[in-house]
Amino acid sequence: MQTGSIDLGPYEPFDLQSTVESGQSYLWDREDGRMYDEPGAYGGSAWYTTVSRAFEDPAVIRVRQVDAGLEWESNADAESVLRSRLRLTDDLHAIRDTAPDDDVVQNSFDAYWGMRLVDDPAFETLISFICSAQMRVGRIHGMQQALCRTYGESVEFDGRTYDAYPRAETLAATTEAELRDLGLGYRAPYVQQTAEMVADGQGHPEEARDLPYEEAREYLTRFVGVGEKVADCILLFALDFTEAIPLDTWIRTAIEEYYPSCDRGNYAETSRALRETFGGTYAGYVQTYVFHYLR
DNA sequence: TAGATACCTTATAG
DNA sequence: ACTATAAGGTATC
């Protein structure tokens, strides 16, 4: 086992629980299994685990927050992966400075100060946000666990068995009926067909990374089950488009309530207006705080 | 092109 | 106990 610690000094503030339990990522499990169950349940020093494909073999990465910083355990040299996945080098103070000085935004920052955007792998994010349609955060997470348990490669680590996220080829080879049995509902064919598209080389979410923002969003909607909202989630949580604002039910409520002038009747125009209001480049960061605050 | 509707499943409210 | 409702929307008509 390899272990290490990361000094949070230069990267403060940082809040691991908010970062991995705020509905941005469905790829982390809490070792005590209490994730999402009890709102407000303190997980300040809990261990979180994910299985990464950033190495030759699937790597189990465990991490927890302690007073001095971050501690990790892995079967690989996980530090650089953690730095990027948890966006440890983002300057939260500078980002907050770009946000509007109104009550909703400032209260959201105060409530979860230290929460980072995540930077997850693109395929995993594509599939998990297809699953997110009309679902609660806890159940979306449960679906991903079911997919990993059923179709993911197993890894032994520290006396336990962990499951990697399934590969596109594996999900492509499933059937709608199998996925419905896992509880995916009407999302089952979306997941199977999208996995098939990726496996067959008809497209890959990484292809969107170097496109201009709105073209990137348009590109992602080629995948079955991906509309504008899910496309924005993939851009924000996996492809480093910090300006992307997913317009979900919570943010739409916030627009109605606090930013009525941003409602332009359609997704693209409303999105632009709110992006402007939220400060442009880091508007997605602001959205993530507001989403977590209102949820 | 904009607008209405069906869609799996389950937790929660009443 | 039982029904209605809504959950980080999308595809289809």
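When heavy atoms are screened at a 4.0 angstrom cut-off, Gln287(A) is found touching base atoms of the nucleic acid. Within the 4.0 angstrom heavy-atom criterion, base atoms lie near Gln24(A). Gly225(A) comes within contact range of the sugar-phosphate backbone alone, with a heavy-atom separation under 4.0 Å but no base atom that close. Across all strands, Ser22(A) comes closer than 4.0 Å to base atoms (heavy-atom distances). Using a 4.0 Å heavy-atom distance criterion, Gly227(A) is classed as a sugar-phosphate-only contact.
Between Gln134(A) atom CD and dA11(B) atom P there is a gap of 16 Å when expressed in whole angstrom units. Summarising the geometry, the separation between CD on Glu176(A) and P on dA11(C) is reported as 14 Å, rounded to the nearest angstrom. At whole-Å resolution of the value, CZ in Arg222(A) and P in dA11(C) are 13 Å apart. Rounded to whole Å, atom P of dT10(C) lies 14 Å from atom CE of Met135(A). Computed from coordinates, the Ile130(A) CD1 to dT10(C) P distance equals 10 Å when rounded to whole Å. dT10(B) atom P lies 12 Å from atom CG of Leu182(A), rounded to whole Å. In this structure, the CG atom of Leu184(A) is 14 Å from the C1' atom of dC7(B), given to the nearest Å. Atoms OH (Tyr267(A)) and C1' (dA2(B)) sit 18 Å apart, rounded to a whole Å.
Both thresholds, 5.5 Å between centres and 30° between ring planes, are not jointly met by Trp250(A) relative to the base of dG8(C), so the two rings are not stacked.
With respect to Glu21(A) and Arg34(A), no salt bridge is recorded, no charged nitrogen being found less than 4.0 Å from a carboxylate O. Arg62(A) and Asp158(A) are joined by a salt bridge, as a carboxylate oxygen and a charged side-chain nitrogen come within less than 4.0 angstrom of each other. Salt-bridge check for Arg64(A) with Glu71(A): passed, with a basic side-chain N closer than 4.0 Å to an acidic carboxylate O. Under a 4.0 Å N-O distance rule, the pair Arg209(A)/Asp240(A) does not qualify as a salt bridge.
Put simply, CG on Leu86(A) and CZ on Arg116(A) are 9.0 Å apart, with the number rounded to the nearest 0.5 Å.
The neighbour count for Tyr282(A) OH, taken as heavy atoms of other residues, nucleotides or ligands under 6.0 Å away, does not exceed 12.
Distances were taken from every side-chain heavy atom of Ile251(A) (C-beta onward) to each of dT9(B), dG9(C), dG8(C); the shortest belongs to dG8(C). Closest contact between the side chain of Tyr26(A) and the listed nucleotides dG8(C), dT9(B), dC7(B) involves dG8(C). Each of dG8(C), dC8(B), dG9(C) was ranked by its minimum atom distance to the side chain of Arg180(A); first place goes to dC8(B). Listed candidates were dA7(C), dG8(C), dA11(C). Nearest to the side chain of Val137(A) is dG8(C).
Put simply, the side chain of Arg187(A) and the base of dC8(B) share a donor and an acceptor less than 3.5 Å apart.
Separation of the P atoms belonging to dG8(C) and dA13(B) is 14 Å when rounded to the nearest angstrom. Taking atom P in both dC8(B) and dC13(C), the straight-line distance is 14 Å, to the nearest Å. When the P atom is compared between dA1(C) and dT9(B), the two are found 24 Å apart, to the nearest whole Å. Rounded to a whole angstrom, the distance from the P atom of dA6(C) to that of dT5(B) is 16 Å.
Evaluated for a side chain to side chain donor-acceptor pair (under 3.5 Å) with Tyr259(A), the options Thr277(A), Asp102(A), Thr270(A) yield exactly one hit, Asp102(A).
Consecutive Watson-Crick or G-U pairs involving DNA chain B, each under 3.5 Å on both distances, make up stems of three or more pairs at B:3-7 with C:9-13, B:9-14 with C:2-7.
In this structure, Arg136(A) does not reach the dA11(B) phosphate: none of its side-chain N or O atoms is under 4.0 Å from OP1 or OP2.
A donor-acceptor contact closer than 3.5 angstrom links the side chains of Tyr11(A) and Arg83(A).
Place Ser25(A) and Thr221(A) on DNA chain C by their nearest nucleotides, and Ser25(A) ends up nearer the 5' end.
A cation-pi arrangement, defined by a distance under 6.0 Å to the six-membered ring centre and an angle within 45 degrees of its axis, is present between Arg96(A) and Trp113(A).
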